[in-house]
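Worksheet: one structure, shown below.
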Amino acid sequence: MMQKQMPPIGVKLSVDVEYREGFPNPHRARVRWFDPESGQRLSRSRMLPTSDEAQDWVDRMERIAQRGVSPAVATMSLAEYGELEWDLAMRGLESKTMDPYGAGWRLRVVPAIGHLEVPVITNGVVDRTVYGWIADGHGRSTVKNFIAPLNRVMEQAVRDGIIDINPARVTGWQKTYQQVEDELDDPRSLALRDWDALDTLATALVERSHDQFLGWGDIVRYAACTAARIGEVSGVRAGDIDRRTWTWECCRQTTPGPGGLIDKGTKGKRRRSVPLIPEIRPMVGARLDAVGHDPMARIFTGPRGGRITTAILRDATHWDEVVVRLGYEHLRRHDLRHTGLTWMADAGIPVHVLRMIAGHGSITTTQRYLHPDRRSIHLAGAALSRYLVEGRQEPAGPKLVPEAAPVRHLRLVR
């Protein structure tokens with residue numbers, strides 16, 4: 001366990017806000033103080049886009065210090081804070097409960113959001129994280145063991161005055177299981193509006209990533225334009241793509257497994273053919289040329305050639321930060337699939353074809369992507385078509401109403 005840095009209540013902070021030209025976030029907010037035990041002068045700073053945000057950060061550090069919490073603690077990542085306050089946050093629990101909570105914290109919570117500072121974690125961040133766990137196929141009791149320790153650690157942060165509200169008090173998450181199975185009740189509401197919005201998102205993610213790796217943008221565009229899951233994009237091999245017809249045979253996905261990442265069949269074990277639209281063909285063609293003639297070569301990899309997952313994409317591109325800045329706070333990586341299916345439905349692709357492209361087991365799931373008004377129009381057209389077909393054998397024009405046939409009763413003769 002790391003050593004706590006808890007100054008006496010009311011420790012004096014020296015604060016300043018400085019403008020530094022040439023930085024993306026040019027306003028540096030800084031707090032400094034003397035550690036009463038070691039006598040060392042400690043400091044914490046943050047680069048922020050506006051002077052108001054910088055001043056708000058300084059004011060928050062001063063309020064926290066008045067409560068006896070060191071700014072060093074207040075600016076820790078969730079992983080660091082959880083390690084520091086684990087015993088206090090888990091007080092009162094039996095050992096049989098501590099074991100699954102500890103495993104859930106180490107194996108899921110820390111890899112998912114442990115890199116974020118505690119005050120940065122919002123309700124939207126927690127919602128997306130929990131949804132991701134459910135979408136990965138974890139059972140209810142397992143997800144509970146992920147949420148419970150996160151909730152306790154964040155509750156401790158509330159008591160310490162680091163945050164005002166606990167964003168990990170997740171309610172109604174059990175109902176999400178049915179929503180995941182049904183691809184959500186209204187998946188259209190989760191889609192990006194058009195190609196420009198997708199391109200803006202992909203570009204922003206590349207710019208925020210380390211060394212501006214262009215591959216992250218290609219992955220995002222490919223996932224949306226093919227309505228694929230990120231794991232399925234990772235599973236694309238050169239031999240899966242037919243340049244003559246520009247189709248992709250989706251037959252595998254990358255997923256976490258014992259000992260690391262593994263490749264396995266797609267969800268539901270359904271192999272499906274997916275069209276590659278002209279907007280992404282040049283990019284796909286360039287990647288095929290780059291890997292040469294090896295049919296088993298991966299088309300999409302990380303900057304070092306490794307396999308990708310939704311968590312890797314999130315961390316490498318600072319997804320949560322970027323989507324909030326663009327106004328898509330609740331956008332998840334899986335919503336790229338919802339985007340593609342919504343666009344295909346609006347383009348007029350027949351529902352039975354859309355179902356095959358999506359790999360849905362039930363056509364009811366696919367129908368959720370159809371616009372309600374469009375569906376009504378199609379039903380009206382089908383009703384008219386049935387009326388015309390059924391009426392072809394009848395003469396045109398007015399028809400006489402036939403007289404009622406006399407009713408005869410049968411008599412049983414013994």
| Pairwise side-chain contact, Glu155 with Arg169, heavy-atom cut-off 4.5 Å (strictly under) | yes
| task | Taking Asp211 for its side chain and Phe213 for its backbone only, find out whether a donor-acceptor pair lies under 3.5 Å. | result | no
| request: For Asp199 and Glu279, run side chain to side chain contact (heavy atoms under 4.5 Å, CB included): C-alpha distance rounded to whole Å, both residues' side-chain angles, the deciding distance at 0.1 Å, then the answer. | output: CA-CA 11 Å; Asp199 194 56; Glu279 284 77 3; over 6 Å; no
| query | Atom CZ in Arg368, atom OG in Ser362: separation rounded to 0.5 Å? | reply | 8.0 Å
| note | Of all heavy-atom pairs linking Arg193 and Trp343, the shortest is O-NE1, 3.7 Å
| query | So, Glu207 side chain and Gln212 main chain: donor-acceptor pair closer than 3.5 Å or not? | reply | no
| message | I'd like to know whether Thr97 forms a side chain to side chain donor-acceptor pair (under 3.5 Å) with Glu94, so could you lay out the CA-CA distance, the side-chain angles of the two residues, the decisive distance to 0.1 Å, and finally the verdict. | response | CA-CA 5 Å; Thr97 305; Glu94 298 180 4; 5.2 Å; no
| request: If the plane angle is over 60° it's perpendicular, under 30° parallel, otherwise tilted; pick one for Trp133 and Phe146. | output: perpendicular
| OG1-CZ distance between Thr317 and Arg208, expressed to the nearest 0.5 angstrom | 9.5 Å
| query | Can you find a pair of side-chain heavy atoms, one from His338 and one from Leu192, that are under 4.5 Å apart? | reply | no
| task | Please examine the side chains of Leu93 and Arg152, heavy atoms only from C-beta on, and report whether any two atoms are closer than 4.5 Å. | result | yes
| task | Walk me through it: do Arg272 and Glu232 pass the test salt bridge (charged side-chain N to carboxylate O under 4.0 Å, His left out)? | result | CA-CA 11 Å; Arg272 61 187 194 271; Glu232 292 170 342; 2.7 Å; yes
| task | Walk me through it: do Tyr222 and Arg287 pass the test side chain to side chain contact (heavy atoms under 4.5 Å, CB included)? | result | CA-CA 12 Å; Tyr222 188 91; Arg287 288 185 166 273; over 6 Å; no
| message | Taking the side chain as everything from C-beta on, heavy atoms only, tell me whether Ser234 gets closer than 4.5 Å to Arg298. | response | yes
| Test item: Thr310 and Trp319 side chains (from C-beta on) under 4.5 Å apart, heavy atoms | no
| query | Would you say the side chain of Leu198 lies within less than 4.5 Å of the side chain of Thr339, judging by non-hydrogen atoms? | reply | no
| task | For residues Ala54 and His27, report the shortest heavy-atom separation together with the two atoms involved. | result | CB-CB, 4.1 Å
| message | Tell me if a side-chain donor or acceptor on Thr203 pairs with a main-chain N or O of Thr200 at a distance below 3.5 Å. | response | no
| task | Answer whether the closest heavy-atom distance between the side chains of Leu326 and Leu331 falls below 4.5 Å. | result | no
| task | Measure the CZ-CD distance between Arg106 and Glu83 for me, rounded to the nearest 0.5 Å. | result | 11.5 Å
| said: If you apply the rule side chain to side chain donor-acceptor pair (under 3.5 Å), what do you find for Tyr81 with Asp160, and how did you get there? | reply: CA-CA 11 Å; Tyr81 181 76; Asp160 280 341; 2.6 Å; yes
| query | Do the side chain of Arg325 and the main chain of Val322 share a donor and acceptor less than 3.5 angstrom apart? | reply | no
| field | Heavy-atom closest pair, residues Ala157 and Val118 | value | CB-CG1, 3.8 Å
| message | When you compare the side chain of Tyr101 with that of Val109, does any pair of heavy atoms fall below 4.5 Å? | response | no
| query | Under the 3.5 angstrom rule, does the side chain of Arg108 hit a backbone N or O of Val143 as a donor-acceptor pair? | reply | no
| said: I need the minimum non-hydrogen distance between Pro119 and Ile162, along with the two atoms involved. | reply: CG-CG2, 4.0 Å
| field | Interatomic distance, Phe34 atom CZ to Leu42 atom CG [nearest 0.5 angstrom] | value | 9.5 Å
| Electrostatic pair Arg314:Asp320 at N-O distance under 4.0 angstrom | no
| message | Strictly below 4.0 Å, N to O, side chains only: are Arg46 and Glu117 in salt-bridge contact? | response | yes
| request: Grab the two heavy atoms, one from Ile299 and one from Arg237, that are nearest each other, plus how far apart they are. | output: CG1-C, 3.9 Å
| message | Show, in sequence, the C-alpha distance, side-chain angles and deciding distance for Ile230 and Leu336, and conclude whether the side chain to side chain contact (heavy atoms under 4.5 Å, CB included) test is met. | response | CA-CA 9 Å; Ile230 298 301; Leu336 297 172; 4.1 Å; yes
| request: Run the salt-bridge test on Arg243 and Asp289 with the 4.0 Å N-O cut-off and return the result as yes or no. | output: yes
| note | Minimal heavy-atom distance between Trp195 and Cys225, with the atoms involved, is CZ3-SG, 3.4 Å
| Would you find a donor on one side and an acceptor on the other, under 3.5 Å apart, between the side chain of Arg355 and the backbone of Thr366? | no
| CD1 on Ile147 to CZ on Arg140, rounded to 0.5 Å | 12.0 Å
| query | In Å and rounded to the nearest 0.5 Å, what is the CE to CG distance from Met283 to Leu214? | reply | 11.0 Å
| query | Charged N to carboxylate O under 4.0 angstrom, Asp346 versus Arg188? | reply | yes
| message | Please determine whether side chain to side chain contact (heavy atoms under 4.5 Å, CB included) holds for the pair Ile357 and Met344, giving the CA-CA distance in whole Å, both sets of side-chain angles, and the decisive distance to 0.1 Å. | response | CA-CA 10 Å; Ile357 294 174; Met344 292 179 189; 3.9 Å; yes
| message | If we check side-chain contact (heavy atoms from CB on, under 4.5 Å) with Ile308, which of these qualifies: Leu261, Leu313, Ile219, Thr301? | response | Ile219
| Residue pair Asp127, Arg332: steps toward the salt bridge (charged side-chain N to carboxylate O under 4.0 Å, His left out) verdict | CA-CA 10 Å; Asp127 288 344; Arg332 302 152 301 142; over 6 Å; no
